[in-house]
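We name chains A, B, ... by the order of the sequence lines, and we start the count at 1 in each one. Values in this document were obtained by computation on a predicted structure and should not be read as measured data.
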2 protein chains.
Amino acid sequence: MKQALEQAKLSAKHGEVPVGAVIVHNGKVIVKERNKMRELNDQTAHAEILAIRKALLILNESRLKKCDLYVTLEPCTMCAGAISLAKIRRVYYGAEDKKGGAVDNGVRFFSAKTCHHKPEVIGGIEEQAAGLLLTKFFALRR
Amino acid sequence: MKQALEQAKLSAKHGEVPVGAVIVHNGKVIVKERNKMRELNDQTAHAEILAIRKALLILNESRLKKCDLYVTLEPCTMCAGAISLAKIRRVYYGAEDKKGGAVDNGVRFFSAKTCHHKPEVIGGIEEQAAGLLLTKFFALRR
């Protein structure tokens with residue numbers, strides 16, 4: 001999660017909402033990504049989506065069954081859907097997102113009947129640090 | 001929707017689950033896409049996601065507020081999230097997806113409190129043709 005937080009900080013430096021994600025396979029970090037919606041002019045370019053796409057290519061696998069995702073913010077609905085489709089084993093997230101989250105807030109997708117792969121979820125890892133980055137980022141822009 | 005169906009047929013020819021999507025801007029088709037999960041080895045490469053990403057680049061806009069999406073199958077949770085993030089104006093879809101849909105089935109994301117842009121939705125357009133393509137595709141593989 002420390003490495004995901006570094007990615008989130010890098011996002012803020014680039015004027016992006018500070019969220020970072022890391023994918024671990026066999027105890028090794030194989031991908032580090034961050035939000036790039038502005039940089040790529042792509043609303044789907046959330047840290048998690050970019051990390052999943054890259055990990056699938058690196059491993060040359062159709063699913064990420066042996067991979068764990070570390071992300072600084074609770075995944076949104078789009079990302080929760082992608083995590084499930086990619087069959088990620090475990091999700092560790094930092095700050096909760098009451099406004100846009102879809103894991104422990106909102107549609108709680110992993111508990112839905114239409115969710116066909118439910119990862120193990122551990123929330124609140126480095127929660128304060130992750131939340132503070134977001135608070136600071138938005139405070140500077142208001 | 002006819003053009004989206006053509007894309008779906010093309011998907012099947014490539015061994016992909018037959019779903020096609022088209023984005024219309026100012027009455028003009030600007031993007032045609034289809035499922036490419038196998039081709040790109042990317043579980044996020046649903047027709048809708050690819051179409052949204054391409055339309056954002058073509059229009060060089062950060063959102064697709066004046067765009068309508070035609071897709072042959074009810075969008076899944078990931079795609080419903082992406083449609084909302086991209087602020088697509090209207091979604092026309094073909095067949096319902098009771099197992100994986102997230103618009104009129106499953107988490108019904110556009111009605112959730114965590115959905116911050118709700119497109120207008122018109123379902124059941126060329127429903128039979130869209131559904132038949134899927135039924136045939138899976139029948140051949142079972």
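Of the two parts of Arg108(B), neither the backbone nor the side chain holds a non-hydrogen atom closer than 4.5 Å to a non-hydrogen atom of chain A. Only the side chain of Arg63(A) comes within contact range of chain B, with at least one heavy atom under 4.5 Å from a heavy atom of that chain. Looking at Leu64(A), there are no atoms closer than 4.5 Å to chain B (heavy atoms on both sides), in backbone or side chain. Within the 4.5 angstrom heavy-atom criterion, atoms from both the backbone and the side chain of Ser62(A) approach chain B.
Every residue two or more places apart in sequence or in another chain was checked for a side chain to side chain donor-acceptor pair (under 3.5 Å) with Asp97(B), and none qualifies.
The line from CD of Gln43(B) to NZ of Lys87(A) is 8.0 Å long, rounded to the nearest 0.5 Å. In this structure, the separation between SG on Cys76(A) and NE2 on His116(B) is 9.5 Å, given to the nearest 0.5 Å. With rounding to the nearest 0.5 angstrom, the CG atom of Asn105(B) is 8.0 Å from the OG1 atom of Thr114(A). Interatomic distance, Leu85(A) CG to Met37(B) CE, rounded to the nearest 0.5 Å: 8.0 Å.
In terms of non-hydrogen atom pairs under 4.5 Å with chain A, the most contact-rich of Lys113(B), Lys98(B), Glu61(B) is Glu61(B). Interface check for chain A: of the options Ile49(B), Leu57(B), Thr44(B), Leu40(B), the most heavy-atom pairs under 4.5 Å are formed by Thr44(B). The greatest number of non-hydrogen atom pairs below 4.5 Å with chain A, out of Ala55(B), Gly100(B), Ala112(B), is found for Gly100(B).
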* Yes or no on side-chain contact (heavy atoms from CB on, under 4.5 Å) for Thr77(A) and Ser84(B), after CA distance, side-chain angles and deciding distance? -> CA-CA 10 Å; Thr77(A) 302; Ser84(B) 178; over 6 Å; no

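Residue Arg38(B) qualifies as open at atom CZ: its count of foreign heavy atoms under 6.0 Å is 12 or below.
Between the side chain of Asn41(A) and the backbone N or O of Leu56(B) there is at least one donor-acceptor pair closer than 3.5 Å.
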